[in-house]
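The next block holds one structure in the form of structure tokens; read it before the comments.
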Amino acid sequence: MPTNSTTETVRKRGRQSHAGPPAGHRSEPGRDCPLCPRLAAFRHANQAREPGWFNAPVPCFGDRNGRVLIVGLAPGLQGANRTGRPFTGDYAGDLLYATLLELGFARGTYDRRPDDGLKLVGCRIGNAVRCVPPQNKPLPVEINTCRTFLKAAIGEMPRLRAVVMLGRVAHDSTLKALGVRAAEAPFGHGAEFQADRIRLFDSYHCSRYNTNTGVLTPAMFKAVFARVREHLDG
Ligand code: SF4
């Protein structure tokens, strides 16, 4: 375990649970999801400017029967928003998929294209916010609104045992989706929390900014996924 990690068993808030949203709620929004007007307007502008891009809420990628869910922030403009697959097409994906391949959570070759044939192994990737936000910064109300889809994604994974939360937005939204009290699970790279059957793993986001500034090194990132592997194998 990393030396700066903590492992806490956290309690749930009130009557909330990680069972997912009310029956009938879908885990994938429609391509024209109107629930966040600012993001819908940005999507329409991008559709007009770049008609060959995906330009829609980016669906989760991977296996619903997997034991691991990786939660990112939101699609990058020229990454997932362009290609339609989480973390595909920009730097964040280079580090994430290289790490997943190295730790056995993916197989094949990552080539920055959704048709590169890469397969996830026992894991799934999604974002806290499904639509690309301007300047990569979703508003709190947008994070709250899109949480219905995060909750649904979690709720439809019956074998889920680990959630990796990439950055503070993913951390905060996942905690709320699971009904975990924020005060009992403070964000920190390498921190771990147990919420009923699910272990939560914190990591700094694998953005180019974080790696260029030295906030996150590939070794630090790999250590988080090595812990996930240890947990699953334990
Ligand atoms: S961010 Fe989520 S809730 Fe908001 S418009 Fe996109 S898909 Fe809908």
Side-chain angles (χ1 to χ4, degrees), residues 13 16-64 66 69-90 92-93 96 114 120 123-157 160 163-180 182 187 200 203 205-207 209:
R13 294 180 299 184
Q16 288 181 276
S17 79
H18 60 254
H25 238 104
R26 297 169 306 157
S27 65
E28 297 300 343
R31 282 188 64 89
D32 294 320
C33 181
L35 296 178
C36 304
R38 185 183 78 119
L39 301 187
F42 191 51
R43 181 199 312 145
H44 295 149
N46 290 327
Q47 288 166 350
R49 201 185 66 240
E50 297 287 354
W53 289 9
F54 184 74
N55 288 322
V58 175
C60 293
F61 172 42
D63 184 2
R64 287 182 190 197
L69 175 67
I70 299 162
V71 182
L73 167 57
L77 180 64
Q78 299 194 42
N81 175 66
R82 176 174 60 82
T83 65
R85 192 176 73 179
F87 287 89
T88 297
D90 57 14
L96 176 62
L120 297 184
C123 74
R124 195 176 187 208
I125 306 174
N127 280 314
V129 174
R130 301 295 186 91
C131 293
V132 59
Q135 280 85 50
N136 219 26
K137 288 196 172 75
L139 302 174
V141 67
E142 294 161 349
I143 300 166
N144 290 339
T145 301
C146 207
R147 188 172 309 116
T148 188
F149 299 110
L150 176 60
K151 287 178 73 171
I154 292 171
E156 68 186 10
M157 295 184 71
L160 186 63
V163 178
V164 182
M165 307 171 292
L166 301 180
R168 189 176 293 273
V169 169
H171 168 97
D172 290 349
S173 198
T174 300
L175 259 53
K176 287 178 181 170
L178 292 171
V180 172
F187 176 78
L200 306 175
S203 172
H205 193 280
C206 49
S207 65
Y209 178 83

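Whatever order the structure lists them in is the order used to number ligands and atoms, beginning at 1. In what follows, residues are counted from 1 in the order of the sequence shown. Owing to the predicted nature of the structure, the values given are computational and were not obtained by experimental measurement.
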> Just by modelled atom types, is the Pro86 backbone N or O under 3.5 Å from a matching donor or acceptor in the Asn127 side chain?
Replying inline: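 Flag not set: sc Asn127 to bb Pro86 has no pair under 3.5 Å.
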
> Do you know the tightest heavy-atom contact between Cys33 and Phe149?
Replying inline: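 Closest pair (atom of Cys33, atom of Phe149, distance): SG-CE1, 4.4 Å.
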
>> I need the minimum non-hydrogen distance between Gln47 and Asn55, along with the two atoms involved.
In response: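 Between these two residues, the closest heavy atoms are NE2-O, 3.0 Å.
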
> Can you list the steps and then say if His205 with Val169 is a side-chain contact (heavy atoms from CB on, under 4.5 Å)?
Replying inline: CA-CA 10 Å; His205 193 280; Val169 169; over 6 Å; no

> Any cation-pi pair here, Arg31 with Phe54, using under 6.0 Å and within 45°?
Replying inline: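 Output yes; distance and angle both within limits.
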
>> Suppose the cut-off is 2.8 Å; how many protein N/O/S atoms fall inside it around atom 2 (Fe) of ligand 1?
In response: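 There are 1 of them.
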
>> Does either side chain, that of Arg43 or that of Asn46, offer a donor lying less than 3.5 Å from an acceptor on the other one?
In response: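 Per modelled atom types, Arg43 and Asn46 side chains form no pair under 3.5 Å.
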
> Hey, is Glu28 touching ligand 1 through its side chain, its backbone, both or neither, going by heavy atoms under 4.0 Å?
Replying inline: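 Neither; nothing of Glu28 gets under 4.0 Å from ligand 1.
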
